[in-house]
Amino acid sequence: MMIFIAHLDKKKYYVVNKVLEDFVSRIGQHIEILELEEFGKSLFINNELQVAEKDEHIYSGQFVDSAMSINSKNSNAAIIGGGDGGVARECLSRRFNFVDWFELDSEVVSACTKHLSKIGRKVKESNTVKCVWGDAFESINSIEDSKYDKIFVDLNDDKYCINLAAKNMNNLKRILKPGGVITAQVGSKDKKPKQVDDWLKVLSKNFVNSKLDGVFIPSFDCNWNFASSVLNS
């Protein structure tokens, strides 16, 4: 066994039993699937843990529950990011009629499909989910107005992605139904409070009734936060 070091705000140590994938994707992301002693098969991107097989259901379940607690309508959803398929699976479990899944890096999805099939197996088998490959914010330009009840933004928890979302907020508002909910994973308020506050500022500027939910993720070793807001009807 060996020790792998990942960085959130501080060094985090994991015992690795097996390296299942270790490569750089065509778009330049360092993708690893590692079998961790404590948390099972896990996805790392650019040395950051994204999802672990053992507790992924906590993350994805809270993500979707945060939106549904504000508005329970479940017609259509859009997912921006979320390469492991967990959020899409949770939408299926809540019987959404249709899910558009916008994902930049097909190699992340392929690696997760191969090694983390328990997470996204139902997604692969479903005709309810449509995968749209490429830059999500370019792809949504062709989406009709007011299509979605829910938009889930599952991007990296960094300033670049906050700025990217802020830059494209008008388009996100355009494709969301009045009274619809946008929910973003915003990182950990315990570890990066300014980052979470910056996300809330962006959402509050463009939507109403913003709220912050959180849940403890054992593999992250901290509380993780999800911010939701409503498009004013």
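Numbering starts at 1 and runs along the sequence shown.
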Qualifying residues under salt bridge (charged side-chain N to carboxylate O under 4.0 Å, His left out), relative to [X], sequence neighbours excluded:
| X | value |
| --- | --- |
| D198 | K159, K194 |
| D158 | none |
| K211 | D213 |
| E103 | none |

Kindly give the heavy-atom pair with the smallest separation between [X] and [Y], and that separation in Å.
| X | Y | result |
| --- | --- | --- |
| E107 | R26 | OE1-N, 2.7 Å |
| V186 | V196 | O-CG2, 3.5 Å |
| S229 | F207 | CB-CB, 3.3 Å |
| F220 | W224 | CD1-CE3, 3.4 Å |
| Q62 | G214 | OE1-O, 4.4 Å |
| S228 | V181 | CB-CG1, 4.1 Å |

Q: Sorted by first residue and then second, give each ring pair (Phe, Tyr, Trp, His ring centres under 6.0 Å) pair with at least one member in residues 72-118; sequence neighbours left out.
A: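 The answer is none; no pair qualifies.
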Q: Rounded to the nearest 0.5 Å, what's the gap from CD1 on I175 to CD1 on I151? Could you check?
A: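 Taking CD1 in I175 and CD1 in I151, the distance rounds to 4.0 Å.
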**Q.** Interatomic spacing from CD1 in I79 to OG in S60 - rounded to 0.5 Å
**A.**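 So the CD1 of I79 and the OG of S60 are separated by 9.0 Å.
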Cluster link [X] to [Y], ILVMFWY, side chain under 4.5 Å:
| X | Y | answer |
| --- | --- | --- |
| V153 | Y59 | no |
| V109 | V132 | no |
| I217 | F226 | yes |
| L231 | W199 | yes |
| I70 | V215 | no |

What residues form a side chain to side chain donor-acceptor pair (under 3.5 Å) with [X], not counting sequence neighbours?
| X | value |
| --- | --- |
| D100 | K147, Y148 |
| E38 | none |
| S219 | D55 |
| K73 | none |

Q: With sequence neighbours excluded, give me every side-chain hydrogen bond (donor to acceptor under 3.5 Å, both in side chains) pair touching residues 133-145.
A: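 Non-adjacent pairs meeting side-chain hydrogen bond (donor to acceptor under 3.5 Å, both in side chains): N141-N171, D145-R174.
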Q. Can you pull the side-chain hydrogen bond (donor to acceptor under 3.5 Å, both in side chains) pairs that have at least one residue in residues 83-95, sequence neighbours excluded?
A.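 Non-adjacent pairs meeting side-chain hydrogen bond (donor to acceptor under 3.5 Å, both in side chains): E56-R89, D65-R94, E90-R94.
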Between the main-chain N or O of [Y] and the side-chain N or O of [X], is there a donor-acceptor pair closer than 3.5 Å?
| X | Y | answer |
| --- | --- | --- |
| D149 | N76 | yes |
| N71 | A67 | no |
| N232 | V208 | no |
| N46 | H30 | yes |
| E53 | F39 | no |
| K54 | S42 | no |

Q) Apart from I45 itself, which Ile, Leu, Val, Met, Phe, Trp or Tyr residues share its cluster (side-chain heavy atoms under 4.5 Å, direct or through members)? A)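 Same cluster as I45: L20, F23, I31, I33, L43, V51, V108, L116, I119.
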Evaluate the side-chain proximity of [Y] to [X]: yes if any heavy-atom separation is below 4.5 Å, no if none is.
| X | Y | answer |
| --- | --- | --- |
| K41 | K118 | no |
| L34 | Y14 | no |
| T128 | N97 | no |
| I80 | L172 | yes |
| N74 | M68 | yes |
| V202 | M169 | yes |

Q: Identify the residue among N223, D197, N225 that makes a side-chain hydrogen bond (donor to acceptor under 3.5 Å, both in side chains) with K189.
A: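 Exactly one candidate clears the test, D197.
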**Q.** Test item: side-chain donor near acceptor, S204 and S210, under 3.5 Å
**A.**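 A pair is found: one side chain offers a donor N or O, the other an acceptor, under 3.5 Å apart.
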